[in-house]
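In what follows, a single structure is set out as structure tokens and then discussed.
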Number of protein chains: 4
Amino acid sequence: MPRTADANSALREKTRERVLQAAVRLFSRHGFDGTSVRALAQEAGIAAGLLYAHFESKEAVLVALMQSSMTDVARTLDDADREPTARDFVTTMLESAVTLLDEHRDLWRLGYGLRHQPEVLARLELPLAQLMHQFHQRLEQALRQRGVREPGIEALLLFATVDGISQQYVQHDGDYPIAAVIRAAASRWPATAPSRKRKADRP
Amino acid sequence: MPRTADANSALREKTRERVLQAAVRLFSRHGFDGTSVRALAQEAGIAAGLLYAHFESKEAVLVALMQSSMTDVARTLDDADREPTARDFVTTMLESAVTLLDEHRDLWRLGYGLRHQPEVLARLELPLAQLMHQFHQRLEQALRQRGVREPGIEALLLFATVDGISQQYVQHDGDYPIAAVIRAAASRWPATAPSRKRKADRP
Amino acid sequence: MPRTADANSALREKTRERVLQAAVRLFSRHGFDGTSVRALAQEAGIAAGLLYAHFESKEAVLVALMQSSMTDVARTLDDADREPTARDFVTTMLESAVTLLDEHRDLWRLGYGLRHQPEVLARLELPLAQLMHQFHQRLEQALRQRGVREPGIEALLLFATVDGISQQYVQHDGDYPIAAVIRAAASRWPATAPSRKRKADRP
Amino acid sequence: MPRTADANSALREKTRERVLQAAVRLFSRHGFDGTSVRALAQEAGIAAGLLYAHFESKEAVLVALMQSSMTDVARTLDDADREPTARDFVTTMLESAVTLLDEHRDLWRLGYGLRHQPEVLARLELPLAQLMHQFHQRLEQALRQRGVREPGIEALLLFATVDGISQQYVQHDGDYPIAAVIRAAASRWPATAPSRKRKADRP
DNA sequence: AATGAATGAGGTTTCATTCAT
DNA sequence: AATGAATGAAACCTCATTCAT
């Protein structure tokens with residue numbers, strides 16, 4: 001009689017997870033092309049062939065990885081959106097980003113490396129541009145609601161700042177005075193809540 | 001009968017240049033591993049074998065490329081250093097960076113892609129960390145001289161901001177309100193010159 | 001509690017049969033190497049591993065198939081042997097062959113494909129040459145008994161003709177005027193029964 | 001300075017030819033799938049990689065082979081078409097076929113093996129059905145001109161006979177009384193030239 | 001009897017690099 | 001300086017087969 005369906009399912013999940021974890025580690029260090037499937041399988045502790053029972057191709061592993069990273073992004077905004085003032089918003093967003101980076105440092109390093117290769121991105125069919133657009137929209141809206149003038153431009157600047165700080169933080173790998181930098185960055189934004197006018201309460 | 005030494009030398013230089021230009025284009029689009037020597041030679045209009053008369057290896061082409069990009073960075077600082085106030089310093093540095101990016105967009109894309117792969121960087125023997133350290137030192141010094149408090153932290157923030165804006169600018173490929181973003185970014189920095197105290201004129 | 005031995009045995013037989021049928025279909029279309037065990041198992045509706053409870057290897061499936069086809073051949077001769085004249089003998093043999101081909105078209109296609117690869121045949125250990133020799137012997141004997149002169153040569157010709165017609169018939173897959181061709185082929189052979197002389201009754 | 005264009009061209013041609021010859025030998029013995037590219041290259045005396053400078057894929061080698069074999073077929077008909085009577089036509093066609101088979105025995109063995117695998121043929125995009133149709137048309141026309149009644153059916157029979165004899169001949173590899181079989185086969189066809197009526201000279 | 005996860009050898013193909021000319 | 005045929009290592013992936021359950 002076969003293994004129980006449950007046992008099988010657990011087995012599959014475990015292996016899949018090991019592959020993904022090995023992939024983050026190796027891809028982020030040696031690059032996607034610099035990581036052979038054999039090396040990947042070895043790091044995951046499985047036979048090379050088995051990888052293809054879980055992923056269609058080496059590329060599919062990368063795609064799975066990046067997709068999981070893309071859903072993570074929105075969280076920083078969700079966290080920040082609870083703050084009333086622009087300054088707190090920025091602070092929280094940066095702190096949330098740092099938490100994220102601490103958890104998934106390698107995954108993000110990988111993403112940063114991929115971002116600037118259009119043909120590669122196209123092959124992976126990741127909706128990156130679309131995601132960034134949505135992110136910017138939400139940023140602009142958040143800043144407008146907190147009384148920031150020129151929220152479109154300011155959103156771009158904030159995005160760039162968060163992105164820049166994040167990359168520096170990831171790159172310095174430990175010895176980066178992130179708290180102080182966050183404080184300095186946030187101090188550039190107004191600490192006062194906007195006068196309580198929203199769409200709804202116009203006279 | 002041999003060509004004159006001069007003519008030969010000029011030919012060499014021309015071919016070398018064509019290879020480098022082809023390399024920026026292809027590496028930045030398809031990645032280093034995604035570009036075959038054959039494709040590179042074809043794009044440069046030469047036979048594959050000839051490439052090895054000019055470069056030791058495919059990797060050496062990449063190294064030559066990155067080195068040329070690294071020397072460029074200092075220019076933004078040189079330009080900015082002539083400005084008296086922090087705000088003008090930031091403005092000029094960003095404007096200078098944009099000029100640089102306009103000229104060498106692909107080269108920078110390539111660099112951004114490489115930056116986060118430690119093992120790859122190690123193989124290329126590029127003194128990236130060292131360069132970034134120097135750059136930070138100069139930034140800190142520049143800010144201190146212009147009366148900025150906590151110049152160490154502020155230098156980090158400025159670096160991150162310039163880096164973030166640059167990447168966004170490169171990535172948006174044309175439709176980025178760079179002037180407005182620069183203005184917004186610079187507006188965060190003091191517009192007044194420091195009281196005229198330099199090293200020399202302490203009592 | 002175990003199933004009864006009978007039920008088990010019937011199950012085994014059914015599964016085995018399904019595998020064989022799936023194998024004819026797939027092997028004949030995609031070739032032996034072009035058919036994976038996985039695909040074979042799927043077509044048979046069983047798990048890949050189970051195949052090995054019924055056959056030693058993928059090759060063993062092929063061997064079983066070909067053996068079953070080889071025993072079939074003799075039937076055409078058995079059928080034809082009842083006819084008194086050479087012409088009827090040929091007619092019946094061809095008609096019997098057509099019946100066989102209609103029943104096992106794919107199996108024969110498969111066999112035709114294998115026939116000309118000596119090293120493959122050797123690996124399968126099919127006594128093909130031996131079988132063809134026996135077949136030829138019986139043909140020669142049959143023709144001699146029906147008064148055909150040079151029965152050895154004529155047997156070769158008859159064999160070739162039956163073989164050629166059979167392959168054309170299989171290949172045309174439906175639109176082949178087989179009846180007319182059989183008539184034309186048979187018309188080449190004498191329609192008279194031999195005078196009732198056998199070995200024994202020479203003076 | 002590069003090799004002369006001529007020298008290069010000769011080099012290429014030589015290598016290509018060696019690959020093709022190695023391919024006939026190996027494919028015909030072990031089958032297409034049973035022959036690895038490595039084995040093929042070794043038999044051809046070249047490095048495995050070089051094969052791909054001459055052929056797009058292993059499959060392309062097979063296609064090149066089969067194409068060359070297909071042009072050969074028409075020759076047997078050209079030869080036979082010079083004969084005035086049906087019997088001589090058949091004799092010459094068979095003799096011509098034998099010459100062909102002697103020259104390209106392995107190539108034809110290969111073809112016979114491929115013929116019955118529809119999906120494989122489809123992938124190779126060989127116009128086999130079309131070719132066989134043309135061949136049949138020419139046969140029918142030839143027989144009609146030589147006064148054979150029911151030339152359509154007779155052409156099919158002749159085709160099958162030639163095909164059958166050819167395969168037997170190839171398969172017996174030496175010890176086949178081909179001359180006698182040809183004589184026996186041809187004796188079935190009328191030895192008289194048709195009364196000299198052609199389309200044009202009807203009253 | 002039956003399942004399907006797992007293995008690891010071997011398949012085709014690509015590619016950086018060398019070398020004869 | 002320049003060519004492109006040739007090499008051979010290594011890449012990705014498939015597959016027959018085994019094995020725990």
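Computed from heavy atoms alone, side chains included, the values below leave out hydrogens, waters and symmetry copies. No experiment lies behind these values; they were computed from the predicted model shown.
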query: In chain order, what residues pass the salt bridge (charged side-chain N to carboxylate O under 4.0 Å, His left out) check against B:Arg16, with sequence neighbours excluded?
result: none
query: Is the shortest heavy-atom distance from the side chain of A:Phe32 to the side chain of B:Asp33 under 4.5 Å?
result: no
- prompt: Rounding to a whole Å, what distance do you find between A:Ile46:CD1 and E:dT7:P?
  reply: 7 Å
field: Protein-nucleotide distance (A:Asn8, atom CG; E:dA2, atom C1'), rounded to Å
entry: 12 Å
- request: For DNA chain E, determine which residues of residues 9-39 of chain A have any heavy atom closer than 4.0 angstrom to one of its atoms, and list them numerically.
  value: A:Leu11, A:Arg12, A:Thr15, A:Arg38
field: Strand contacts (DNA chain E) in residues 49-61 of chain A, 4.0 angstrom heavy-atom criterion
entry: A:Gly49, A:Leu50, A:His54
- prompt: Is a side-chain N or O of C:Arg105 found less than 3.5 angstrom from the main chain of C:Val170, in a donor-acceptor match?
  reply: yes
message: For A:Lys14, is there any backbone N or O sitting under 3.5 Å from a side-chain donor or acceptor partner on A:Arg18?
response: no
message: Can you confirm whether C:Phe27 sits close enough to C:Val61 that some side-chain heavy atom of one is under 4.5 Å from a side-chain heavy atom of the other?
response: yes
- request: Indicate yes or no for a side-chain donor-acceptor contact from A:Lys58 to the backbone of A:Leu51 under 3.5 Å, with no hydrogens or angles considered.
  value: no
- prompt: B:Leu40 has an atom CG; how far is it from atom P of F:dG4, in whole Å?
  reply: 16 Å
query: Could you write out DNA chain F as a dot-bracket string, with dots for unpaired bases, | for bases paired across to another strand, and Watson-Crick or G-U pairs counted at under 3.5 Å?
result: .||||||||||||||||||||
- request: Using the test salt bridge (charged side-chain N to carboxylate O under 4.0 Å, His left out), find all partners of A:Arg12 that sit at least two apart in sequence or belong to another chain.
  value: none
- request: Keeping the roles fixed (side chain from A:Arg109, backbone from A:Arg29), state whether a donor-acceptor pair exists under 3.5 Å.
  value: no
- request: May I ask you to test the D:Leu114-D:Leu124 pair for a side-chain heavy-atom distance under 4.5 Å?
  value: yes
Side-chain donor-acceptor pairs under 3.5 Å in residues 62-70 of chain D, sequence neighbours left out?
residue : atom : partner : partner atom : Å
D:Ser68 : OG   : D:Leu65 : O            : 2.9
D:Ser69 : OG   : D:Met66 : O            : 3.3

